[in-house]
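First the structure, in the form of structure tokens, and then the observations on it.
Letters A, B, ... mirror the listed sequences (proteins, then strands); counts begin at 1.
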There are 2 protein chains.
Amino acid sequence: MQTDTTPAGVPSGSRVLEHPRREAIRLADVLHALADPMRLRIVCRLAAADGELNCADTELPVSKSTCTHHFRVLREHGVIQQIYRGTAKMNALRRTDLDDLFPGLIDGILRAADLQAERLGNTCPTGHSG
Amino acid sequence: MQTDTTPAGVPSGSRVLEHPRREAIRLADVLHALADPMRLRIVCRLAAADGELNCADTELPVSKSTCTHHFRVLREHGVIQQIYRGTAKMNALRRTDLDDLFPGLIDGILRAADLQAERLGNTCPTGHSG
DNA sequence: TCCATTGTACGAGGAGCATCGTAGTTCGGA
DNA sequence: TCCGAACTACGATGCTCCTCGTACAATGGA
């Protein structure tokens, strides 16, 4: 037990992850983060979940370390928010920040991913088709 | 002089450039093409021009060969259309195709670029501020 | 205390990319 | 026919990225 300085709602002892401030998020970075198929997939799943998912929940066809890598890229580029909860690390889209900075951008991209999945018969995107 | 098979409106003797068919354009490719600041800049200028620009018109702070490279990436990823006109090569956004495939995507990205430029005081994007 | 779960750090391999300079091609006009 | 303008092809350089395996750390529960 320790009298720590973690903000309200965060379990004491949680490790802290650095996120870019909202003002520091750059469009080119966001696009770059979403330009990778694996990361686009992650973001689609997070959007579909409309809440938190841990890394394992996304069931990516890559190794654990690669998974860690992609989630970190998304976080460092301002696309997702990550918090430790016990042994798990929960991930959520930074929708509020992104919608505020770039209104319609994320919606447009998610919608485009959906449409493309429909066209190609994929099962990846926001979950409506798989 | 030669009886060639170039489509109507294209000066005879023009070299032909390969473009991906509309159905072959992939979201991740488009995002990747736009994830580079230089290419995002190009696309913003083309959108502002609402017509054709040649490479030199975009006045990029890179060498000619790098310029060629970026335009080719944009073309091969389905973002722009390129046609030779004499010694010049004209470039235009494939708005119809992109809007048809991914409604709202390009608008969202262009708008985001504009907003970011306003916030940061840049002069790059669609031209409204520079 | 011990262990399973979850995720990280680190380094490596292989691929791809952004950039450049130089030499060459295509075109239109003098 | 010759020249300049616009652009390309090619190779090189240095950086970044995606992927992985292995070893390690933090947490919660038995």
Side-chain angles (χ1 to χ4, degrees), chain A residues 1-2 4 6 10-18 26 28-42 52-77 79-92, chain B residues 1-2 4 6 10-19 26 28-43 52-77 79-92:
Chain A
M1 194 64 74
Q2 55 203 4
D4 56 30
T6 49
V10 178
S12 86
S14 285
R15 294 152 279 174
V16 177
L17 292 160
E18 292 215 352
R26 293 288 168 270
D29 286 342
V30 172
L31 295 178
H32 173 243
L34 298 178
D36 182 273
M38 211 62 69
R39 292 196 290 264
L40 188 54
R41 194 157 154 173
I42 292 173
E52 296 182 341
L53 290 181
N54 69 5
C55 295
D57 287 341
T58 51
E59 292 171 329
L60 299 181
V62 291
S63 74
K64 256 195 319 181
S65 29
T66 303
C67 197
T68 296
H69 161 72
H70 285 307
F71 275 97
R72 178 165 50 177
V73 170
L74 288 171
R75 169 171 52 85
E76 290 178 341
H77 288 11
V79 179
I80 68 172
Q81 196 167 28
Q82 300 189 289
I83 334 174
Y84 283 106
R85 290 204 201 288
T87 65
K89 188 157 91 173
M90 306 309 292
N91 306 275
Chain B
M1 192 65 73
Q2 57 207 6
D4 55 31
T6 49
V10 177
S12 87
S14 284
R15 293 150 281 174
V16 177
L17 292 160
E18 292 216 351
H19 292 75
R26 294 286 168 271
D29 286 342
V30 172
L31 294 178
H32 173 242
L34 298 178
D36 183 275
M38 212 62 69
R39 292 196 290 264
L40 188 53
R41 194 158 155 172
I42 292 173
V43 167
E52 295 182 341
L53 289 180
N54 68 6
C55 296
D57 286 340
T58 51
E59 292 172 330
L60 298 181
V62 290
S63 75
K64 257 196 313 184
S65 29
T66 302
C67 197
T68 296
H69 161 72
H70 284 307
F71 275 97
R72 179 164 50 175
V73 170
L74 287 171
R75 169 171 53 83
E76 290 179 342
H77 288 13
V79 180
I80 68 171
Q81 196 168 28
Q82 299 189 290
I83 334 174
Y84 283 107
R85 290 205 199 287
T87 64
K89 188 157 87 173
M90 305 310 291
N91 306 275

### Query
So, does the side chain of A:S65 form a donor-acceptor pair with the base of D:dG21 at under 3.5 Å?
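By the distance-only test, yes, there is a pair.
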Please report the distance, rounded to the nearest Å, between [atom1] in [X] and [atom2] in [N].
X     : N      : atom1 : atom2 : result
B:L60 : C:dA18 : CG    : P     : 13 Å
A:I83 : C:dG7  : CD1   : P     : 13 Å
A:R41 : D:dT19 : CZ    : C1'   : 15 Å
B:L17 : C:dT26 : CG    : P     : 13 Å
B:N54 : C:dT26 : CG    : P     : 20 Å
A:F71 : C:dT6  : CZ    : P     : 14 Å
B:M38 : C:dC20 : CE    : P     : 8 Å
A:H70 : C:dA9  : NE2   : C1'   : 17 Å

### Candidate pair B:Q82 and B:H19, rule side-chain contact (heavy atoms from CB on, under 4.5 Å), full reasoning
CA-CA 8 Å; B:Q82 299 189 290; B:H19 292 75; 4.2 Å; yes
Going from [atom1] on [X] to [atom2] on [Y], what distance comes out if it is rounded to the nearest 0.5 angstrom?
X     : Y     : atom1 : atom2 : answer
A:N91 : A:H70 : CG    : NE2   : 13.5 Å
B:L34 : B:L74 : CG    : CG    : 7.0 Å
B:E59 : B:L53 : CD    : CG    : 10.0 Å

### Among D:dC20, C:dC20, C:dA18, the nucleotide that comes nearest once only the side chain of B:D36 is considered
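Side chain of B:D36 sits closest to C:dA18.
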### Query
More 5' along DNA chain D: B:C55 or A:V73, using each one's nearest nucleotide?
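Looking at the nearest nucleotide for each, B:C55 comes out on the 5' side.
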### Task
With DNA chain D as reference, determine whether A:R39 or A:K64 sits nearer its 5' end, using the nearest nucleotide of each.
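The residue whose closest nucleotide sits nearer the 5' end is A:R39.
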### Query
Base, sugar-phosphate, or nothing: which does A:H69 touch, judged by heavy atoms less than 4.0 Å apart?
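Here A:H69 touches the bases of the nucleic acid.
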### Query
Within the pair B:S63 and C:dC20, is there a side-chain N or O less than 4.0 Å away from OP1 or OP2?
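Yes.
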### Task
Verify side-chain contact (heavy atoms from CB on, under 4.5 Å) between B:R41 and B:T58, making sure each step is shown before the conclusion.
CA-CA 9 Å; B:R41 194 158 155 172; B:T58 51; over 6 Å; no
